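Structure record follows, encoded as structure tokens.
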Amino acid sequence: MKSCNLLLLTLLTLLGSVSMQAEALITNVDHRETTSLAGKWRVIVDPFETGFYSYRYEEIKNRDNGFSMDAKAADKSALLEYNFDSSGTLDVPGDWNSQREKLFFYEGTVWYRKKFDYHLQPGKRLFAYFGAINYEAIVYLNGQKVGTHTGGFTPFNFELTNYLKAGENSLVIKADNKRRSTAIPTVMSDWWNYGGLTRRVLLIEESNTFIRDYHIQLAKDSMETIAGWVQLDGAEGAQPVTVRIPEAGITQTVQTDERGYAEISFDADLSLWSPDNPKLYRVEISAGEELLEDEIGFRSVQVRGNDILLNGKAIFLRGICIHEESPLRPGRAYTPEDARILLEWSKELNCNFVRLAHYPHNEYMTRQADRMGILVWSEIPLYWTISWDNPEVYSNAVQQLTEMITRDKNKASVILWSVANETPVSEQRTKFLADLTKVARSLDPTRLITAALEAEWPKEGIAINDPLGAYLDVLGCNEYLGWYGSTDPRNFDKTWFTKYEKPLIISEFGAGALQGYHADPDTRWSEEFQAQVYERQIPMLDRIPFLRGTSPWILKDFKSPRRPLPYFQDYFNRKGLISDTGERKQAFYILQDYYRQIESGEGDSAR
Ligand code: GCU
């Protein structure tokens, strides 16, 4: 950012009219020159936000007792009641709950501090990139507020160039995971409120003008025309940009406008990406001295009547829901290894599809899904009881949706953007979400829009007539027949119907079981009980004429504050097909066989 712009921004900030919100996202960090700040960070647990507010509850600005200053006692008589250098540490990336027993239930502020040396060459710019911080982050460099970000599951970056010192720098972050009724998600959710710097933190050095973002995918409804755009950052007038796909014999040079934006469109003879052929092309984007590579798959996804079409062919989505918890250790997943194992478990179930619930997962998941040929439902955490009539909540939703789509809009595996999960029907809710679907389509016209709705239960059967359905391409619906409410098996004989001629994904069904607990199939929490629910679901699913996918709840047991039942739950939601220690339950094999029949076209469930 040029010094004059910074002056303007500083003035506006001083006037309080700019909230220092996150800047436009830098995408494809995996293929950029970056410096990782992973490792041990000094931390101060600050439940009363002493490092941010005075005793009169006013924000401390530019005074040494503000923790952002990372100050030291000037002499032996000086009073300073914090010291990062003698404070404890936490590993970054990683949630704090699983790193310290005392932080297991902690909801509040933790201050993080990392010192780093940096020598920025003239004509270069430096950015700090965060994979995610849950939930609200304030970022400071050398005592100056660089910016704030709200939302716990999407990436953001801030330019550090004009705050940087030659030599040692102090990066301080205030991370606050307190739940709020005006947050997204709101105060109630069925997953652990893991706080902190839960994903990677990178320094990204770029030239004054660099390739910040681009959309390079097959045009909507096409299987041979690639369309999209390239956006430079810091452009100084119009300039040429070249897109190459060497293996497809493509070289296209276009001229940007004054703002560094250029649209692209060209035909290509491609091997289309699919679960059976997860073909990724090396794509090279160059502008001036810069060359940026990416690995991009090209495929078409559409709906036609009740069908979902992948590359023009009807497909059935054999899915499973996944929460972002590591399969290897307690806490948030954030490594390539975590992603590989979770997706390999899904493949073992004969899945070609995963629903990444209930928030955008880390980018290793969508990169790995691209490589493994697994289709993805990606969603923002507009979950249950959101404050629908609050304009700030709507702009937060737009921001989180934009960050999710911006990061993954070139990932072939992602075919569905979901805007909500089990939100009670009301006029404000439907308008809020309908408007959001329009924003999603404007950001990315190539993918399908969905949401996990709730069914209605008239005497005729089970209906999906939620007004939000009119704005979706694909209907999602969660149902817990056999678990919540009556366990009468006759409920599975019900007929499903809808007023929409659209594909349906049963986006959740299932039951809980403690792995290793065995009893008769009517005894709650036994593996046999869970298995019986799965066995009873399948004939019903086979009878739904507009069903085009299922993603049962859920791959692995996961932590939830809403599940305190001693012995059977112990703060775990036990609907996993795999236990929290990686043991498969009986129902795992029932689903695995169901999907084998669908995939092979043999057996009662062949499609
Ligand atoms: C809901 C919700 C999940 C929750 C599940 C359950 O459908 O979408 O987030 O964990 O039910 O009750 O286990």
Side-chain angles (χ1 to χ4, degrees), residues 134 152-153 179 183-194 319-325 332-333 342 353-361 377-386 416 418-425 429 433 450-457 462 464 466 468 472 474-487 491 504-515 524-525 527 529-531 533-534 537 541 549-565 568-580 585 587-588 591:
N134 189 40
F153 304 97
R179 286 167 295 121
I184 300 175
T186 181
V187 291
M188 180 75 86
S189 68
D190 192 20
W191 68 80
W192 208 261
N193 181 24
Y194 291 109
I320 190 74
C321 288
I322 301 178
H323 256 307
E324 191 186 45
E325 280 193 347
R332 279 276 174 243
L342 289 170
F353 172 62
V354 291
R355 177 185 176 206
L356 301 186
H358 282 291
Y359 37 75
H361 288 210
W377 160 317
S378 189
E379 127 178 347
I380 55 172
L382 281 164
Y383 181 94
W384 291 356
T385 53
I386 297 289
L416 289 154
S418 168
V419 295
N421 179 73
E422 293 191 352
T423 52
V425 178
R429 164 268 196 181
L433 294 176
T450 190
L453 309 172
E454 288 183 308
E456 296 131 51
W457 302 82
I462 304 173
I464 304 172
D466 185 321
L468 181 60
L472 306 177
V474 176
L475 306 172
C477 181
N478 299 346
E479 53 91 357
Y480 279 92
L481 281 165
W483 179 258
Y484 292 122
S486 160
T487 56
N491 288 320
L504 168 67
I505 295 172
I506 297 286
S507 36
E508 289 181 33
F509 71 80
L514 176 67
Q515 188 275 328
R524 187 83 62 162
W525 303 113
E527 285 197 40
F529 185 102
Q530 183 189 45
V533 168
Y534 273 74
Q537 284 277 355
L541 298 173
T550 54
S551 51
W553 192 258
I554 186 169
L555 181 66
K556 179 184 83 70
D557 290 351
F558 61 96
K559 295 209 73 65
S560 169
R562 301 184 71 243
R563 311 296 176 175
L565 177 63
F568 291 111
Q569 292 182 319
D570 291 330
Y571 291 113
F572 276 100
N573 182 313
R574 293 289 187 197
K575 298 187 183 69
L577 295 174
I578 299 176
S579 74
D580 56 297
K585 304 174 191 176
F588 177 96
L591 186 71

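In this text, all values refer to a predicted model and were calculated from it rather than measured experimentally. Note that these values count all heavy atoms, side chains included, but never hydrogens, waters or copies made by symmetry. In this chain, numbering begins with 1 at the start of the sequence shown. When a ligand or atom number is given, it counts from 1 through the structure's own listing order.
Residues D557 and R563 are not paired through a salt bridge, judged by the lack of any N-O separation under 4.0 Å between the basic side chain and the carboxylate.
For ligand 1, the protein residues within 4.0 angstrom (heavy atoms only) are D190, H358, Y383, N421, E422, N478, Y480, Y484, E508, W553, F558, R563, N573, K575.
Counting heavy atoms from C-beta on, the side chains of P561 and N193 never come closer than 4.5 Å.
Aromatic rings of Y359 and Y383 (six-membered ring for Trp) have centroids beyond the 6.0 Å cut-off, not under it.
By the 30° and 60° cut-offs, the orientation of the rings of F558 relative to H323 is tilted.
With sequence neighbours left out, F529 forms a ring pair (Phe, Tyr, Trp, His ring centres under 6.0 Å) with W483.
Checked options V474, V419, I505; the residue passing with T450 is V474 (criterion: side-chain contact (heavy atoms from CB on, under 4.5 Å)).
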